[in-house]
A.B. asks: 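First the structure, then my questions, so here it is.
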Protein chains: 2
Amino acid sequence: MSETPAPNAAASPAVPADDLLITPICAIFRRFLKRQGLKFTTERAQTLDVVLGKERVFEADELLDEMKSAGHRVSRATVYRTLKHLLEAGIIREVLIDSNKAHYELSFGKAPKGHLVCVETQRIVEFPTAELDALMQRICEENGFDPVSHRFVVYGVSPEAQKAEQAEQADSDS
Amino acid sequence: MSETPAPNAAASPAVPADDLLITPICAIFRRFLKRQGLKFTTERAQTLDVVLGKERVFEADELLDEMKSAGHRVSRATVYRTLKHLLEAGIIREVLIDSNKAHYELSFGKAPKGHLVCVETQRIVEFPTAELDALMQRICEENGFDPVSHRFVVYGVSPEAQKAEQAEQADSDS
DNA sequence: CTTGCTGCAAAAGTTTTGCACACGT
DNA sequence: ACGTGTGCAAAACTTTTGCAGCAAG
């Protein structure tokens with residue numbers, strides 16, 4: 001059951017480049033489904049809708065909660081199944097933040113981002129990764145690989161957590 | 001229950017730099033444990049021993065199997081508990097390969113490595129990441145973070161998998 | 001109508017934990 | 001002796017799956 005991680009490459013054959021900017025993502029998803037002999041159901045539409053509202057990294061359970069809050073009646077199973085399709089359609093991509101649960105982000109049309117994660121508070125800051133794309137190319141060439149995507153995660157202690165730590169120190173001194 | 005990912009930084013205060021090259025890792029682990037008021041047990045020694053033999057990325061269950069093969073009687077629970085301590089001691093680090101299970105590698109004294117993963121065969125190639133250390137510094141400075149570590153994973157299609165794919169194409173043409 | 005989809009509940013896979021007993025220091 | 005550690009089995013969590021009824025094309 002080892003899972004193929006976010007095959008962004010699948011997005012390229014999915015939609016002609018020209019359509020990328022003018023076609024609503026919803027239509028793109030519908031086309032993707034049709035091409036695979038799959039159906040565009042209410043649940044899938046609602047899931048996509050909530051996903052499109054996400055500006056940051058999210059996880060499956062969080063998405064489910066948000067959908068229920070939005071008044072959509074959808075099962076956990078369906079959310080997981082739909083996330084798989086959104087991955088294959090290249091509309092979202094997987095972000096590796098920790099090894100316990102999957103994290104996703106909207107990827108449509110956007111360049112891959114780096115993620116700076118606070119090891120104390122789990123706060124996540126995104127940053128652009130222009131130089132990493134070049135590095136990916138080079139590494140792949142050197143090893144005969146065909147590049148698909150890359151992930152760069154930096155772990156550190158956020159300013160907030162640093163302050164909290166200092167406060168703790170002061171406490172133990174008293 | 002969110003888990004702190006491989007705090008490599010914990011390694012620095014653990015052992016004076018001079019000892020790094022002359023002290024057996026076993027002694028370093030023992031010291032680390034003593035400092036924390038923990039005990040150096042047979043099971044922990046055996047786990048460290050098997051871990052030291054690993055040249056590549058490994059996972060918890062794989063480690064347990066290998067230990068049993070080596071004739072060590074140890075429980076799964078103890079392996080997991082010991083991995084936590086090895087992480088804190090900075091002797092191993094976590095490698096994010098997929099979001100279903102944790103992967104580790106021996107990190108002692110070694111610079112962080114990048115990983116090139118084949119999305120088809122899961123084969124992993126390591127590569128050095130000198131330029132990424134500098135990038136980590138810069139990103140952390142820009143955001144007021146205190147750098148701890150970083151992970152860079154590139155996904156691609158390995159030469160083997162490319163060949164297999166071409167063979168498949170040829171098949172469907174016939 | 002035919003085929004795929006949903007929800008439920010159960011299963012599967014990894015990691016954690018409570019408890020009684022055993023072992024380093 | 002004291003305070004940790006260990007093993008076991010159960011629990012916790014995320015993700016997957018089988019199945020019966022339901023809905024899209």
Side-chain angles (χ1 to χ4, degrees), chain A residues 1-6 26-27 29-48 57-65 67-68 72-89 92 94-104 122, chain B residues 1-6 26-27 29-48 57-65 67-68 72-89 92 94-104 122:
Chain A
M1 298 306 105
S2 64
E3 162 204 349
T4 304
C26 176
F29 190 39
R30 197 155 40 199
R31 259 193 250 169
F32 167 83
L33 291 171
K34 181 174 289 182
R35 211 175 325 110
Q36 313 274 314
L38 304 177
K39 291 169 182 171
F40 186 71
T41 63
T42 315
E43 290 82 357
R44 286 177 184 169
Q46 293 174 337
T47 306
L48 175 59
V57 171
F58 61 91
E59 26 188 289
D61 221 53
E62 180 189 332
L63 185 62
L64 179 63
D65 284 352
M67 292 192 62
K68 298 213 157 156
H72 302 320
R73 283 182 286 328
V74 79
S75 72
R76 175 173 281 104
T78 295
V79 167
Y80 276 104
R81 289 188 273 234
T82 304
L83 282 171
K84 284 236 165 76
H85 291 129
L86 289 171
L87 274 175
E88 280 187 46
I92 61 175
E94 213 185 330
V95 180
L96 286 178
I97 298 288
D98 81 50
S99 33
N100 291 331
K101 58 177 121 186
H103 289 77
Y104 307 93
Q122 264 70 46
Chain B
M1 317 306 88
S2 63
E3 160 206 350
T4 304
C26 176
F29 190 39
R30 197 154 40 197
R31 260 194 249 169
F32 168 84
L33 291 171
K34 182 174 287 181
R35 212 176 324 110
Q36 312 272 313
L38 304 177
K39 291 168 182 171
F40 185 70
T41 63
T42 315
E43 288 83 356
R44 287 176 183 170
Q46 292 175 338
T47 306
L48 176 59
V57 171
F58 62 91
E59 26 189 290
D61 221 53
E62 180 189 331
L63 185 62
L64 179 63
D65 284 351
M67 292 193 62
K68 299 215 157 156
H72 303 320
R73 281 182 288 327
V74 79
S75 71
R76 175 175 280 103
T78 296
V79 167
Y80 276 104
R81 289 188 273 234
T82 303
L83 283 171
K84 283 233 164 78
H85 292 130
L86 290 171
L87 274 176
E88 281 188 42
I92 61 175
E94 215 186 327
V95 180
L96 288 178
I97 299 289
D98 80 52
S99 33
N100 291 333
K101 58 175 120 186
H103 289 77
Y104 306 94
Q122 264 70 43

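Here is the naming used below: chain letters follow the sequence lines, and residue numbers restart at 1 for every chain.
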A.B. asks: Expressed as a whole number of angstroms, how long is the span from B:N100:CG to D:dT14:P?
C.D. replies: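 Rounding to the nearest Å, CG of B:N100 and P of D:dT14 are 13 Å apart.
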A.B. asks: Write down the distance between NE2 (B:H72) and P (D:dT6), rounded to a whole number of angstrom.
C.D. replies: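 In whole Å, D:dT6 P lies 14 Å from B:H72 NE2.
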A.B. asks: In whole angstroms, how far is the P atom of D:dC22 from the CZ atom of A:F40?
C.D. replies: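 The answer, rounded to whole Å, is 23 Å.
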A.B. asks: Under 4.0 Å: is that the gap between some side-chain N or O of B:Y80 and OP1 or OP2 of C:dT15?
C.D. replies: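 Yes, B:Y80 has a side-chain N/O under 4.0 Å of OP1/OP2 on C:dT15.
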A.B. asks: Quickly work out the B:K84 NZ to C:dT14 P distance and round it to whole Å.
C.D. replies: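 Checked: the NZ to P distance equals 16 Å.
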A.B. asks: C:dC8, C:dT17, C:dT16: which one has an atom nearest the side-chain heavy atoms of B:A77?
C.D. replies: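 Within the option list, the nearest is C:dT17.
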A.B. asks: Mind checking whether B:F40 and B:F29 have parallel, tilted or perpendicular rings, split at 30° and 60°?
C.D. replies: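 B:F40 and B:F29: perpendicular rings.
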A.B. asks: Expressed in angstrom and rounded to an integer, what is the separation of A:K101 atom NZ from D:dT16 atom P?
C.D. replies: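 Computing the A:K101:NZ to D:dT16:P distance gives 15 Å.
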A.B. asks: Using whole Å, what does the distance between atom P of nucleotide C:dG13 and atom CD of B:E62 come to?
C.D. replies: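 Atom-to-atom, B:E62 to C:dG13, this comes out as 17 Å.
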A.B. asks: Within the sub-3.5 Å range, which N or O atoms of nucleotides 2-6 of chain C have a protein N or O partner, and how far apart are they?
C.D. replies:
| unit_1 | atom_1 | unit_2 | atom_2 | d |
| --- | --- | --- | --- | --- |
| C:dT3 | O2 | A:K39 | NZ | 2.4 |
| C:dG4 | O4' | A:K39 | NZ | 3.4 |
| C:dC5 | OP1 | A:K39 | N | 3.3 |
| C:dC5 | OP1 | A:R44 | NH1 | 2.6 |
| C:dC5 | OP1 | A:R44 | NH2 | 3.1 |
| C:dT6 | OP1 | A:T41 | OG1 | 2.9 |

A.B. asks: Would you indicate whether the side-chain heavy atoms of B:D98 and B:H103 approach each other to under 4.5 Å?
C.D. replies: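 SC-SC contact between B:H103 and B:D98 confirmed.
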A.B. asks: In Å and rounded to the nearest 0.5 Å, what is the CG to OG1 distance from A:L87 to A:T82?
C.D. replies: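 Between atom CG of A:L87 and atom OG1 of A:T82 there are 11.0 Å.
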A.B. asks: Separation of A:Q46 atom CD from D:dA23 atom P, in whole Å?
C.D. replies: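 That distance rounds to 14 Å.
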A.B. asks: Got a second to check how far A:R44's CZ is from A:L33's CG, nearest 0.5 Å?
C.D. replies: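 A:R44 atom CZ to A:L33 atom CG measures 6.0 Å (nearest 0.5 Å).
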A.B. asks: Measuring from atom CG of B:D61 to atom CD of B:E59, what distance do you get when rounded to the nearest 0.5 angstrom?
C.D. replies: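 Answer rounded to 0.5 Å: 7.5 Å.
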A.B. asks: Send over the distance from A:L83 CG to D:dT14 P, rounded to a whole Å.
C.D. replies: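 Whole-Å distance recorded here is 14 Å.
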A.B. asks: Is any side-chain heavy atom of B:Y80 less than 4.5 Å from a side-chain heavy atom of B:R76?
C.D. replies: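 A side-chain contact under 4.5 Å exists here.
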A.B. asks: Just how large is the angle between the end axes of the helix from C:dC1-D:dG25 to C:dT25-D:dA1, five pairs per end, to 10 degrees?
C.D. replies: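 The angle separating the two end axes equals 40°.
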A.B. asks: Below 4.5 Å, heavy atoms only, C-beta onward: do B:L83 and B:L63 meet side chain to side chain?
C.D. replies: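 Contact flag for B:L83/B:L63 side chains = yes.
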A.B. asks: Taking salt bridge (Lys or Arg N to Asp or Glu O under 4.0 Å) as the definition, give me every residue that meets it alongside A:D65, ordered by chain and number, with sequence neighbours left out.
C.D. replies: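 Counting only residues at least two positions away or on another chain, A:D65 forms no salt bridge (Lys or Arg N to Asp or Glu O under 4.0 Å).
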A.B. asks: Compare every heavy atom of B:C26 with every heavy atom of B:L48, then report the nearest pair and how far apart it is.
C.D. replies: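 Scanning both residues, the minimum pair turns out to be CD2-CA, 3.6 Å.
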